[in-house]
Number of protein chains: 2
Amino acid sequence: MMSDDVVPSLPSQRALGDLVTDVLREMITGARFQPGQHLKETELAEALKVSRGPIRQALARLEEEGHVELRRHRGAFVSTLTKTDVEEVHTLRGAIERLAVSRACTRMQGRGFAEMDAVLEQMKSVDTKIVPEDAVRLDLQFHDIIYAYCDHARVQRVWESIRGQVTVFLRARNASFPDFLDVGYSEHKELRDALALGDPQAAQDGIDKHILGAYERLKRLNLPDR
Amino acid sequence: MMSDDVVPSLPSQRALGDLVTDVLREMITGARFQPGQHLKETELAEALKVSRGPIRQALARLEEEGHVELRRHRGAFVSTLTKTDVEEVHTLRGAIERLAVSRACTRMQGRGFAEMDAVLEQMKSVDTKIVPEDAVRLDLQFHDIIYAYCDHARVQRVWESIRGQVTVFLRARNASFPDFLDVGYSEHKELRDALALGDPQAAQDGIDKHILGAYERLKRLNLPDR
DNA sequence: TATCTGTAGATTGTAAACAGTAAGTCATTG
DNA sequence: CAATGACTTACTGTTTACAATCTACAGATA
């Protein structure tokens, strides 16, 4: 308000609450907060220089995304990830991504596959062992393309609601099992080729295999049961 | 605030915003508002005797459920249902209910099937042609049991996010095709028996058939394309 | 007559004040 | 010494007030 930004714009094309949501999500997934930590609206508000309104809006969103738990008259607590969460996120993801690929494989046309190939090219060339975060980013980018081309607003929304947690899991996997950092290209290439057949059934089989593989690895993570 | 209710309880064990959400959802699905109608926060606030805070919370929820469309600086508009919406809701529902039955069929045990049978019994005995709303209620109750026993918080949440729209579609179907009011029992009984096998694959096949049938009927509804 | 611009109106986005509730603490009593 | 009870504190839930933004309409101009 008093801080005259050189760029006074960022004309809030987006709502402030959405920006706050992104900031807090990044802080949580980036482990800037402890699991179980009590996030107080007032503290967050003055830390981010906004009022409690946008903070409340953000916390409500993050609760739907599973990043925080809201307890009445108690407030928001950073979620502790459990094996149950891993199972739920991955089974749900399998269910919707199955639908997504069956639609996307007939809608991607040349342009969609070109986008995918660009990501695959980076997966192959970038040394993800040096910057593991790149592996996470590229993995998500690949799947974002599927959801974008499946042309299904509601599926897109569900994906966005679990995308943050998927990010957390991918990061945790990379931290625990750096060996898997180089299978990214081959596995996604395989899936890309399955999609290229243009057959919904083949696409579904491809994604089943893909998600199952990812889940099997994550189950080995050392997480609390609940 | 000044209106001393005879029952002073309902002491807002739930948040006021949640109550408002339910009220508005019922008003929208019950066609108390016109599709496309502009819902103004101020009007709703004074009509329901609450402030704009809970109203905003409710509208945000309803937007996620697809009942209203939020346009920045314009406000909330009651959604107009299109063929695209029918397709999206039913394909998404198919995807998650497939997952739901595969889990529920091994977790329902005796108690779950007893609950289902109670609903089936009502489907058989109640004359839904006299009170079509009963057909809707029982149909939803049946599927609620599946989601309850699938023991998957995130799938449950997705179901809740489309449940209201499914309600709208069922009502619209009953209004347009009263002939279908008596197939409710047989179709659900068939699904129940598939679940009772306790085999996830059989359960998935059963639900695929069930959802497909429902969708085929709904496609005949006369709705705008977009 | 059509298009552009400016103004007015209304609505949302944001901030701050108020009230109610739940948890934690300390004292008191059995 | 343990258990129970009231009290205190600090948070959230809600209300109210303010400011920024957008839309729509009217008027002027080409």
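Chain letters run A, B, ... following the sequence lines, proteins first, then strands; residues in each count from 1.
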Checklist entry - Of the candidate nucleotides dT15(D), dG13(D), dT12(C), which contains the atom at the shortest distance from the side chain of R72(A)? => result dG13(D)

Checklist outcome for this item: dist Y215(A):OH -> I211(A):CD1 (nearest 0.5 Å) comes out at 12.0 Å

Checklist entry - Is R56(B) near enough to dG13(C) that one of its side-chain N or O atoms lies under 4.0 angstrom from OP1 or OP2? => result yes

Checklist entry - Can a salt bridge be assigned to the pair R163(B) and E160(B) using a cut-off of 4.0 Å between side-chain N and carboxylate O? => result no

Checklist entry - Starting at NE2 of H38(B) and ending at C1' of dT11(C), how long is that distance when rounded to a whole Å? => result 7 Å

Item to check | Length of the CD-P vector between E46(A) and dA15(C), whole Å | outcome: 13 Å

Checklist entry - Is any side-chain N or O of S51(A) closer than 4.0 Å to OP1 or OP2 of dT14(C)? => result no

Checklist entry - Taking atom C1' of dG20(C) as reference, at what distance in whole Å does atom CG of L16(B) sit? => result 13 Å

Next on the checklist: Without decimals, in angstroms, what is the distance between L19(B) CG and dG13(D) C1'?
Outcome noted: 13 Å

Checklist entry - How would you label the contact of G53(B) with the nucleic acid (heavy atoms, under 4.0 Å): base, sugar-phosphate, or nothing? => result base

Next on the checklist: Tell me whether H38(B) contacts the main-chain N or O of R74(B) through its side chain, where contact means a donor paired with an acceptor under 3.5 Å.
Outcome noted: yes

Checklist entry - What is the distance, rounded to the nearest whole Å, between atom CD of E43(A) and atom C1' of dC11(D)? => result 11 Å

Checklist entry - Which value, rounded to the nearest 0.5 Å, describes the distance between L81(B) atom CG and F169(B) atom CZ? => result 5.0 Å

Checklist entry - How close or far is atom C1' of dT14(D) from atom CG of L48(B), stated in whole angstroms? => result 15 Å

Item to check | Residues R157(B), E88(A): salt bridge by 4.0 Å N-O rule | outcome: no

Item to check | Whole-Å gap separating C1' (dG13(D)) and CD (Q57(A)) | outcome: 16 Å

Checklist entry - Given atom NZ of K49(A) and atom P of dA15(C), what is their separation to the nearest angstrom? => result 12 Å

Checklist entry - Is the shortest side-chain N/O distance from R52(B) to OP1 or OP2 of dT12(C) below 4.0 Å? => result no

Item to check | Residue whose closest nucleotide on DNA chain C lies nearer the 5' end, R74(B) versus V50(A) | outcome: R74(B)

Next on the checklist: Regarding I55(A), tell me which of base, sugar-phosphate or nothing describes its non-hydrogen contacts under 4.0 Å with the strands shown.
Outcome noted: nothing

